[in-house]
Q: 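Pasting a structure here, questions to come.
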Amino acid sequence: MLDFILLIFIYTGIYAISALGLNLIVGYTGMLSLCQAAFIAIGAYCAAILMTFLHISFWYALIASGLLAGFFGILIGIPTLRLRGDYLAIATLGFGEIVKNVILNWDSVTRGPMGINGIPGPNFFGFTLSSMDKVPWVIFIWLLVLFTYILIRRVVRSRVGRALESIREDEIAASAMGINIAKYKVGAFTCGAFFAGVAGALFAAFNQSVAPLTFDFMMSIMILCMVVLGGLGNSFATIIGTIRI
């Protein structure tokens with residue numbers, strides 16, 4: 001029973017990091033994104049490939065996963081600058097399906113439907129965490145949740161956060177006041193994707209395996225529900241929403 005509760009806390013923490021990133025896109029900037037699972041998949045597979053095939057340390061793989069997902073956030077953010085509402089949702093949904101199908105069919109790198117197994121866990125001072133060490137995993141992941149929350153909270157309370165909120169409320173008025181709409185929209189997508197990539201790396205390292213069908217459309221919907229249920233534009237409420245889901 002205790003193991004099951006700890007497992008819930010671990011997955012809740014991983015999803016909370018991704019949901020905090022999505023809240024930056026949806027809650028603070030007002031852009032409806034349905035591809036958060038794709039960014040998680042990019043982060044998870046990046047970490048899996050680096051740690052399994054190239055034997056790179058978890059810590060470097062964690063950073064690389066976030067950066068790679070952030071890069072794809074830029075790629076999806078730039079073409080969708082002029083899209084809003086349903087059109088933006090459809091575009092991001094299409095991106096998510098493209099990522100899933102690339103992972104499924106790029107056998108030489110991702111091993112296709114078989115996925116990647118035998119992913120090593122993070123190393124702390126010579127001690128490697130496995131999926132059986134649930135208490136250390138809970139502490140580690142929730143420390144990262146706290147760090148993510150503090151970082152995003154500082155961003156949204158700064159000039160950047162006020163610019164994002166002004167874009168959400170009235171894009172035309174924000175542009176008239178001299179706010180660079182394109183820069184802030186792409187920046188929000190990049191940051192949201194970065195945290196999703198970090199969550200993906202944690203997901204891969206804890207499960208010690210990844211499979212493409214895990215990162216489907218319903219995962220994106222579930223993370224969006226966490227943000228909406230908690231309260232759009234409220235980071236702490238997003239964590240509460242994740243726990244409730």
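Computed from a prediction, not measured in an experiment: that's the story for all the values here.
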Q: Taking Ser18 for its side chain and Ala196 for its backbone only, find out whether a donor-acceptor pair lies under 3.5 Å.
A: no
Q: So, Ser220 side chain and Ala37 main chain: donor-acceptor pair closer than 3.5 Å or not?
A: yes
Q: Would the Phe95 and Phe39 ring centres measure less than 6.0 Å apart?
A: yes
Q: So, does Arg153 use its side chain to make a donor-acceptor pair with the main chain of Ser235 at under 3.5 Å?
A: no
Q: Mind running side-chain contact (heavy atoms from CB on, under 4.5 Å) on Tyr184 and Thr29 for me, showing each step along the way?
A: CA-CA 8 Å; Tyr184 284 107; Thr29 316; 6.0 Å; no
Q: Where the side chain of Asn207 meets the backbone of Ser209, is there a donor-acceptor pair that is under 3.5 Å apart?
A: no
Q: Charged N to carboxylate O below 4.0 Å: is that the case for Arg162 and Glu165?
A: no
Q: In sequence, state the C-alpha distance, the side-chain angles, and the governing distance for Thr12 and Trp142, and then conclude on side-chain contact (heavy atoms from CB on, under 4.5 Å).
A: CA-CA 9 Å; Thr12 301; Trp142 279 93; 3.9 Å; yes
Q: Decide side-chain contact (heavy atoms from CB on, under 4.5 Å) for Ile90 and Leu83; before the verdict, give the C-alpha distance in whole Å, the side-chain angles of both, and the deciding distance to 0.1 Å.
A: CA-CA 10 Å; Ile90 292 170; Leu83 300 179; over 6 Å; no
Q: Once you round to the nearest 0.5 Å, how far does OG of Ser175 lie from CD1 of Ile181?
A: 5.0 Å
Q: I'd like to check Leu22 versus Ser33 (side-chain heavy atoms, cut-off strictly below 4.5 Å). Are they in contact?
A: yes
Q: Working to the nearest 0.5 angstrom, can you tell me the gap between Leu164 CG and Ile179 CD1?
A: 9.0 Å
Q: Flag the pair Met31 / Val26 as yes when at least one side-chain heavy-atom distance between them is below 4.5 Å, and no otherwise.
A: no
Q: When you look at CZ of Phe217, are more than 12 heavy atoms from neighbouring residues, nucleotides or ligands closer to it than 6.0 Å?
A: yes
Q: As a quick check of understanding, evaluate side-chain contact (heavy atoms from CB on, under 4.5 Å) for Phe195 and Leu151, giving each step before the final call.
A: CA-CA 11 Å; Phe195 289 115; Leu151 186 61; 3.7 Å; yes
Q: Please tabulate, one pair per line, all N/O donor-acceptor pairs under 3.5 Å involving side-chain atoms of residues 49-59, not counting sequence neighbours.
A:
residue, atom, partner, partner atom, Å
Thr52, OG1, Ala48, O, 2.8
Ser57, OG, Trp59, N, 3.3
Trp59, NE1, Asn123, O, 3.1

Q: Answer yes if the ring centres of Tyr11 and Phe206 are under 6.0 angstrom apart, and no otherwise.
A: yes
